[in-house]
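For reference, the structure discussed in these notes is given below.
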Amino acid sequence: MNEVVKKQFDEYKNLIERKLDEYIPVEYPEKIWKSMRYSVLAGGKRLRPVMTLETCRVLSGSYENAVAAACAIEMLHSQSLIHDDLPCMDNDDYRRGKLTNHKVFGEAAAVLAGDALLSFAPQIIIQKTPKTVSAETLLKVLEEFTVAAGAHKLIAGQVVDIESEGKQISQETLNYIHENKTAALFKLSMRTGAIIAGTDEKILSAVTEYAEKIGLAFQIMDDILDVTATLEELGKTPGKDAKEEKVTYVSFYGLETSKKQVSSLCSEACDILKEHNIQSDILREIANSINERVN
Ligand code: GRG
């Protein structure tokens with residue numbers, strides 16, 4: 001990412017960090033709030049909320065109106081990571097370079113922290129979105145959020161992923177998992193920014209298509225990094241996919257073809273921006289930088 005774009009990205013990121021810290025207090029009973037804060041404030045890349053803010057801005061909205069929803073999406077992302085790391089799911093000891101939530105707070109608190117984040121996130125959208133945003137828009141944002149978080153999207157992807165372990169699955173099933181586990185959150189992030197900006201259906205479809213491509217590219221890169229990166233680089237345990245006998249893009253197509261697929265998807269995503277005259281350096285650079293990412 002070039003220096004100017006990185007500065008813009010970091011401005012959004014710092015705003016998200018500040019607001020997440022402000023939105024999640026430590027109240028009674030302290031254990032649950034501390035457990036929620038531990039994972040949400042553990043220093044992720046904040047890619048999804050930055051995409052929400054930038055999408056809103058570039059489509060002529062006030063990005064300030066999208067801050068609460070952007071933070072809620074990051075809370076949902078954190079919830080999915082806390083639960084995914086549990087022994088009954090992916091069973092990981094490290095996340096974002098730190099011990100996973102259940103390793104620090106215990107399994108019961110980790111399950112409850114995830115549950116609490118899942119309902120706290122829409123609460124934040126309702127309570128913290130500026131009142132200048134119409135009730136109709138707020139309802140659309142909440143619908144997008146609840147659909148993405150539930151059994152139609154994230155949970156569907158997770159269930160099929162778990163059921164597929166140790167099996168030879170088709171390319172169709174692999175894509176289903178990636179679309180629902182990973183791309184769905186990128187789509188939610190961008191669609192939320194676009195809806196708050198009040199964009200028309202044509203542009204909403206264009207940003208959805210961009211997010212689909214970016215989401216798939218991001219997940220293929222995740223599969224690649226699982227094979228090529230270290231624990232220090234990743235902040236989580238590498239080599240898990242092979243250990244759990246998971247079919248991934250790398251096991252399906254090999255490393256080189258997978259890398260080519262990432263490049264093609266990223267350049268197709270940039271083409272969509274160009275075609276619809278969406279002039280965002282950040283969104284273009286996010287697409288360009290996915291194949292360079294190391295964590
Ligand atoms: C509902 C339990 C549950 C799971 C839903 C989203 C999900 C399915 C599971 C989370 C684990 C996982 C490996 C998701 C794939 C997407 C992905 C690569 C997440 C990591 O995102 P980054 O790299 O993380 O943006 P940071 O730490 O930077 O925020």
Side-chain angles (χ1 to χ4, degrees), residues 1-28 30-82 95-101 104-105 113-114 116-133 137-138 141-142 144-145 148-149 185-186 188-197 235 280-283 285-286 289 293 295:
M1 204 176 271
N2 83 45
E3 280 310 306
V4 179
V5 181
K6 178 151 186 349
K7 197 166 164 265
Q8 292 170 347
F9 188 99
D10 285 345
E11 275 171 27
Y12 282 142
K13 191 175 165 192
N14 292 339
L15 174 63
I16 293 294
E17 295 293 345
R18 269 203 327 275
K19 287 292 175 181
L20 285 170
D21 187 26
E22 178 191 317
Y23 290 157
I24 312 175
V26 179
E27 289 183 355
Y28 179 81
E30 286 188 4
K31 182 160 182 176
I32 189 67
W33 293 101
K34 282 185 175 165
S35 169
M36 289 156 73
R37 284 178 62 86
Y38 175 81
S39 289
V40 176
L41 301 175
K45 293 184 284 297
R46 310 307 192 197
L47 201 48
R48 296 157 191 80
V50 168
M51 286 167 88
T52 303
L53 299 184
E54 175 62 4
T55 305
C56 187
R57 186 205 65 80
V58 77
L59 300 178
S60 310
S62 299
Y63 72 82
E64 291 85 352
N65 287 344
V67 171
C71 287
I73 291 168
E74 187 65 13
M75 289 180 204
L76 170 61
H77 172 55
S78 295
Q79 173 269 327
S80 73
L81 300 178
I82 296 171
R95 172 69 66 183
R96 294 171 165 171
K98 296 171 76 177
L99 282 173
T100 41
N101 196 295
V104 177
F105 295 91
L117 283 168
L118 205 48
S119 63
F120 191 58
Q123 180 184 331
I124 286 296
I125 298 179
I126 295 164
Q127 292 177 338
K128 303 290 183 185
T129 300
K131 299 293 173 235
T132 46
V133 175
T137 300
L138 207 56
V141 168
L142 287 167
E144 293 280 334
F145 182 95
L185 262 188
F186 284 92
L188 171 68
S189 305
M190 296 203 49
R191 288 178 62 86
T192 298
I195 289 167
I196 294 175
S280 162
D281 291 340
I282 291 190
L283 295 177
E285 278 292 310
I286 285 175
S289 63
R293 82 181 180 100
N295 68 17

### Task
Return the set of residues passing ring pair (Phe, Tyr, Trp, His ring centres under 6.0 Å) with Tyr38 (not counting sequence neighbours), or none when no residue passes.
Phe105
### Any residue meeting ring pair (Phe, Tyr, Trp, His ring centres under 6.0 Å) with Tyr23, in chain and number order, not counting sequence neighbours
none
What pairs with [X] under side-chain hydrogen bond (donor to acceptor under 3.5 Å, both in side chains), at least two apart in sequence or on another chain?
X	answer
Ser35	Asn101
Glu22	Lys19
Arg95	Asp85
Asn14	none

Reported [atom1]-to-[atom2] distance for the pair [X] and [Y], which is rounded to 0.5 angstrom:
X	Y	atom1	atom2	result
Leu47	Ile16	CG	CD1	11.5 Å
Ile126	Leu142	CD1	CG	5.0 Å
Gln79	Ile82	CD	CD1	7.5 Å
Arg37	Leu20	CZ	CG	9.5 Å

Please tabulate, for the side chains in residues 48-56, all donor-acceptor contacts under 3.5 angstrom to protein atoms that are two or more places apart in sequence or on a different chain.
{"from": "Arg48", "atom 1": "NH1", "to": "His77", "atom 2": "NE2", "distance (Å)": "3.3"}
{"from": "Thr52", "atom 1": "OG1", "to": "Arg48", "atom 2": "O", "distance (Å)": "3.2"}
{"from": "Thr52", "atom 1": "OG1", "to": "Ser189", "atom 2": "O", "distance (Å)": "2.9"}
{"from": "Glu54", "atom 1": "OE1", "to": "Tyr12", "atom 2": "OH", "distance (Å)": "2.7"}
{"from": "Glu54", "atom 1": "OE1", "to": "Arg57", "atom 2": "NE", "distance (Å)": "3.0"}
{"from": "Glu54", "atom 1": "OE2", "to": "Arg57", "atom 2": "NH2", "distance (Å)": "3.0"}
{"from": "Glu54", "atom 1": "OE2", "to": "Ser280", "atom 2": "OG", "distance (Å)": "2.7"}
{"from": "Thr55", "atom 1": "OG1", "to": "Met51", "atom 2": "O", "distance (Å)": "2.5"}

### Task
Scan for salt bridge (charged side-chain N to carboxylate O under 4.0 Å, His left out) pairs involving residues 63-73, sequence neighbours excluded, and state none if there are none.
none
### Message
Quick test of your reading: applying salt bridge (charged side-chain N to carboxylate O under 4.0 Å, His left out), list the pairs with at least one residue in residues 118-132, sequence neighbours left out, ordered by first then second residue.
### Response
none
### Donor-acceptor contact present, side-chain Ser39 to main-chain Met36, <3.5 Å
no
### Task
Sequence neighbours left out, what passes salt bridge (charged side-chain N to carboxylate O under 4.0 Å, His left out) with Lys6? Give chain and number order.
Asp10
### Query
Who passes salt bridge (charged side-chain N to carboxylate O under 4.0 Å, His left out) against Glu30, sequence neighbours left out?
Lys34
### Considering all heavy atoms, the nearest Phe145-Leu118 contact
CE2-O, 4.3 Å
#### Entry: Derivation and outcome, side-chain contact (heavy atoms from CB on, under 4.5 Å), residues Leu76 and Leu188
CA-CA 11 Å; Leu76 170 61; Leu188 171 68; 3.9 Å; yes
#### Entry: Derivation of the side-chain contact (heavy atoms from CB on, under 4.5 Å) call for Val4 and Asp281
CA-CA 9 Å; Val4 179; Asp281 291 340; 6.0 Å; no
### Task
Determine whether more than 12 heavy atoms belonging to other residues, nucleotides or ligands lie under 6.0 Å from atom OH of Tyr63.
no
When the side chains of residues 66-75 are checked against the rest of the protein, which donor-acceptor pairs come out under 3.5 Å, sequence neighbours left out?
{"from": "Glu74", "atom 1": "OE2", "to": "Arg46", "atom 2": "NH1", "distance (Å)": "2.7"}
{"from": "Glu74", "atom 1": "OE2", "to": "Arg96", "atom 2": "NH2", "distance (Å)": "3.1"}

### Message
With a 4.5 Å cut-off on side-chain heavy atoms, are Thr137 and Thr129 touching?
### Response
no
